[in-house]
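Down below is the structure, laid out as structure tokens.
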Amino acid sequence: MTSGTNATSGHPMVEAIGVRKKFGLVEVLKGIDLTVQRGEVMCIIGPSGSGKSTFLRCINHLEKVDAGQLFVDDELVGYQRRGNRLHELREREIARKRSEIGMVFQRFNLFPHMTAIDNVISGPVHVKSSSRTNAALEGERLLARVGLEGRERTYPRQLSGGQQQRVAIARALAMEPKLMLFDEPTSALDPELVGEVLDVMRDLAKSGMTMIVVTHEIGFAREVGDALVFMDDGVVVEAGAPRDVLGNPQHKRTQDFLSKVL
Amino acid sequence: MLVNTLAFSSTTRGRSVVSRFEWHVIGQYFTSDRVLQGLERTLLLTLIAMAIGIAGGIVLAVMRLSANPIVSGTAWVYIWFFRGTPVLLQIYFWFNLNYLYPHLTLGVPFGPALYHADTNGLITKFVAAFLALGLNEAAYMAEIVRAGILSVDEGQTEAAQALGMTRLQTMRRIVLPQAMRVIIPPTGNETISMLKTTSLVSVIAYTELLYAVQLIYSVNYEIVPLLIVAALWYLIVTTVLTIGQYYVERYFGRGSARMLPPTPIERLRMLAIRRPESTT
């Protein structure tokens, strides 16, 4: 472990250099520069429409980057450099790279026609071609890890929002990702269910998982995050240790936003 | 005979109406070999035509939703053509294909022929019938499948892709199974409609159910009783298909409600169980 950490310490998990993205005429990302180290938990906060979700979706190529460079694990996301030009990767390659990155969505996006366990093993069975038996064993372990033992045969509609989101986390973990992306994972939840999801994420962070979390949970960002990024209007306004950004914001826009949410 | 008397004895002209129905003729032909053979062919034709229709419909629907304009355009033209011409015309067309192409060859383009046949030998009445019905059906099924695919939330595709599934895997494992809930009711409709549309192929003298009874009454002039024989069989098969659709819908509806409602049989069973409890 120690030698591994040393060997890779120079290589960040995610590196964004001048990432830009347009939807039609509207530029939603206006040059994002960010670095996420291995094992780091980075929280991204900011008002809605600031581009934080779009940036997250660029990382696993659900959105195509228009300009700039985005690296995950030292590899360009979605493109391949041949000579001086970038070519979009073939679908199979993109899918393979996505399979190494877990993603958790605001609205869970569990597969409603599958039971909880089938949701969890859908990735390993269909993407990694694992055997159903092995995948199910691992799946049960993961459901237990998110506190849902005994709920294997339950369909998503029979679960509460918090339970659904925990199944969704287990589903992402089943692919043994090297990086986890969370897109406002608690925003669609009733207030009393937020805690159980944050608890699972806190455990995950403790286990050393590299995580990027777009969130409105300032408390979580302060407590669990190693780095905090405030985004507004498609740019990174302020980034640093959560204590510094939250306790002593340098920019007026950060101060205004924090005064509203804190 | 007993049934007629009960049904019509109250009307003044009941007896004459009753006699014209000639139930004994209906009874005599209802399970006759020629009628049953016609029924069998009707069922087979319905099955094959719907199989072609559903498979073709899925392919066309996925093509229609493709980002590639050539692929989606091809599907659009297909649907435009087959929906735009009467199915009766298409039946005649396939049956007369030998006029356009007397010989059909399967082989490598500009290369050796692998298979060679007379069109008349290959496109029999049966083949012409299921090709016409199946290819026409595919155009309608394509729109039904497309509606089903569009009904599935975009987030499902994103979640599947985030797991690393390809577009084809996403379609097969995630989108289509959920689209089935929307696809099945109109498909049941189409199947029942197809069962009856097969009677159109009587025009190329393929002996399905309707043409079978026509052949019989053209000799014995028992037109109405034999038409009733055919009508009863169509009704029976439609009833079976309706029941089948109910259970297929239940299967694909799993996960869509917290609890599936009990089937009629389960309801009967529950009633039967509850009775003795309530009396004690």
Side-chain angles (χ1 to χ4, degrees), chain A residues 53 56-57 59-63 90-116 118-129 153-160 167-168 171-177 179-183 188, chain B residues 58 62-63 65-72 145 147-185 187 245-262:
Chain A
S53 286
L56 201 69
R57 292 158 59 84
I59 295 174
N60 65 356
H61 206 53
L62 281 179
E63 305 287 354
R90 274 190 289 180
E91 196 202 349
R92 206 155 269 289
E93 256 319 280
I94 294 174
R96 193 187 61 75
K97 291 198 176 179
R98 278 185 186 138
S99 72
E100 299 170 349
I101 303 172
M103 185 155 193
V104 175
F105 298 87
Q106 181 177 357
R107 286 172 54 241
F108 328 137
N109 296 353
L110 287 180
F111 306 134
H113 60 302
M114 297 180 184
T115 57
D118 282 342
N119 264 282
V120 174
I121 69 174
S122 59
V125 169
H126 298 312
V127 177
K128 283 187 171 174
S129 312
R153 308 265 162 264
T154 323
Y155 283 99
R157 293 246 160 85
Q158 299 164 322
L159 296 169
S160 73
V167 174
R171 176 175 72 178
L173 290 177
M175 292 299 287
E176 296 172 320
L179 167 68
M180 285 282 286
L181 309 175
F182 292 85
D183 189 3
Chain B
I58 292 172
V62 173
M63 285 173 71
L65 294 168
S66 163
N68 184 329
I70 296 168
V71 174
S72 68
V145 174
I149 291 172
L150 291 177
S151 76
V152 178
D153 182 41
E154 189 100 28
Q156 294 290 307
T157 309
E158 286 185 356
Q161 288 182 336
L163 282 175
M165 290 191 200
T166 60
R167 256 174 298 189
L168 223 57
Q169 280 177 320
T170 305
M171 191 52 81
R172 177 159 164 233
R173 304 286 181 191
I174 307 302
V175 177
L176 278 179
Q178 294 182 61
M180 289 306 267
R181 279 187 61 224
V182 174
I183 293 172
I184 284 164
T187 303
Q245 181 186 340
Y246 175 82
Y247 283 97
V248 176
E249 267 178 39
R250 266 180 76 85
Y251 175 77
F252 282 103
R254 69 199 191 284
S256 66
R258 276 160 204 261
M259 280 281 280
L260 283 176

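What's counted below: heavy atoms across the whole structure, side chains too, no hydrogens, waters or symmetry copies. First the proteins, then the strands, lettered A, B, ... as listed; each starts at 1.
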Pick from A/P112, A/P156, A/G123, A/P124: which one has the most heavy-atom pairs with chain B under 4.5 Å? A/P112

From the list A/M103, A/H126, A/R107, the residue making the most non-hydrogen contacts under 4.5 Å with chain B is A/H126

Can you pull the salt bridge (charged side-chain N to carboxylate O under 4.0 Å, His left out) pairs that have at least one residue in residues 163-175 of chain B, sequence neighbours excluded? A/E91-B/R167

How long is the span from the [atom1] atom in [X] to the [atom2] atom in [Y], to the nearest 0.5 Å?
| X | Y | atom1 | atom2 | answer |
| --- | --- | --- | --- | --- |
| A/R92 | B/L168 | CZ | CG | 9.0 Å |
| A/S99 | B/M165 | OG | CE | 11.0 Å |
| A/M175 | B/L163 | CE | CG | 6.5 Å |

Evaluate whether atom OH of B/Y247 has more than 12 neighbouring non-hydrogen atoms of other residues, nucleotides or ligands under 6.0 angstrom away. yes

Can you list the residues of residues 147-157 of chain B that sit under 4.5 Å from chain A, counting heavy atoms only? B/D153, B/G155, B/Q156

Indicate yes or no: at least one non-hydrogen side-chain atom of [X] is less than 4.5 angstrom from one of [Y].
| X | Y | value |
| --- | --- | --- |
| A/R57 | B/E158 | yes |
| A/L62 | B/Q161 | yes |
| B/I174 | A/M114 | yes |

Tell me, side chain or backbone of A/T115 under 4.5 Å from chain B's heavy atoms, or both, or neither? neither

Would you mind checking which part of A/L181 comes under 4.5 Å of any heavy atom in chain B, side chain (CB onward), backbone (N, CA, C, O), both or neither? neither

Grab the two heavy atoms, one from A/F105 and one from B/A162, that are nearest each other, plus how far apart they are. CZ-CB, 4.0 Å

